[in-house]
Amino acid sequence: MNIKYINIPSNLLFDKNISSFAKLLYGELCVLSYKNGICKASNSFLADANYCSTRKIIRALNSLKENGYISVEEYPSRKIYVDMSKVSFHL
């Protein structure tokens with residue numbers, strides 16, 4: 001599948017508590033979790049893909065989690081869940 005773009009839900013897009021980077025990261029998480037609703041990407045993978053530090057990824061993920069846009073299961077291995085019902089993909 002070759003996703004050309006996604007729509008970020010308007011409630012997230014206009015949320016002043018979420019940084020622009022976190023909004024873009026949310027879009028990337030949607031793409032990575034498209035097949036089964038789960039993203040298993042590591043912080044270092046996400047940092048490398050976005051040319052930033054792992055600390056920036058951690059802050060963005062925490063912001064999304066604290067504001068209810070994603071949920072994270074830490075054990076036995078980390079899984080990031082995105083509510084796919086709020087996302088529309090355009091191929």
Side-chain angles (χ1 to χ4, degrees):
M1 176 182 57
N2 186 12
I3 296 174
K4 295 181 182 177
Y5 65 92
I6 64 163
N7 289 329
I8 295 175
S10 61
N11 60 327
L12 172 60
L13 184 62
F14 298 113
D15 190 332
K16 294 179 181 180
N17 298 316
I18 307 295
S19 70
S20 296
F21 177 76
K23 292 172 186 177
L24 291 173
L25 183 62
Y26 178 88
E28 186 173 359
L29 295 174
C30 290
V31 171
L32 293 171
S33 62
Y34 177 75
K35 286 188 178 185
N36 59 7
I38 300 169
C39 174
K40 295 183 179 182
S42 68
N43 292 342
S44 59
F45 172 84
L46 294 169
D48 290 344
N50 289 284
Y51 305 101
C52 67
S53 68
T54 56
R55 183 68 197 137
K56 187 170 185 175
I57 297 295
I58 292 167
R59 281 193 303 267
L61 290 174
N62 283 337
S63 175
L64 291 168
K65 184 169 71 170
E66 289 168 2
N67 288 281
Y69 293 103
I70 63 171
S71 58
V72 180
E73 182 181 301
E74 296 291 344
Y75 299 102
S77 63
R78 182 174 79 174
K79 296 175 186 168
I80 301 170
Y81 297 91
V82 177
D83 183 359
M84 299 307 280
S85 67
K86 298 179 182 177
V87 180
S88 49
F89 290 88
H90 298 277
L91 305 174

Donor-acceptor list for residues 13-21 side chains, cut-off 3.5 Å, not counting sequence neighbours:
from, atom 1, to, atom 2, distance (Å)
Asp15, OD1, Asn17, N, 2.8
Asp15, OD1, Asn17, ND2, 3.4
Asp15, OD2, Tyr69, OH, 2.7
Ser19, OG, Ala22, N, 3.1

Inset, instruction - List in chain and number order the residues that pass side-chain contact (heavy atoms from CB on, under 4.5 Å) with Lys40, two or more places apart in sequence or in another chain; answer none if no residue qualifies. - result: Ile38, Lys79
Inset, instruction - Using the test side-chain contact (heavy atoms from CB on, under 4.5 Å), find all partners of Phe45 that sit at least two apart in sequence or belong to another chain. - result: Leu32, Ala41, Ser42
Give the table of side-chain donor-acceptor pairs shorter than 3.5 Å for residues 47-55, with sequence neighbours excluded, one pair per line with atom names and distance.
from, atom 1, to, atom 2, distance (Å)
Asn50, ND2, Glu28, OE1, 2.7
Asn50, ND2, Leu46, O, 2.8
Ser53, OG, Lys56, N, 3.1

When the side chains of residues 60-68 are checked against the rest of the protein, which donor-acceptor pairs come out under 3.5 Å, sequence neighbours left out?
from, atom 1, to, atom 2, distance (Å)
Asn62, ND2, Ile58, O, 3.3
Asn67, ND2, Ser63, O, 2.8

Inset, instruction - For Arg59, check side-chain hydrogen bond (donor to acceptor under 3.5 Å, both in side chains) against everything at least two apart and list the hits. - result: none
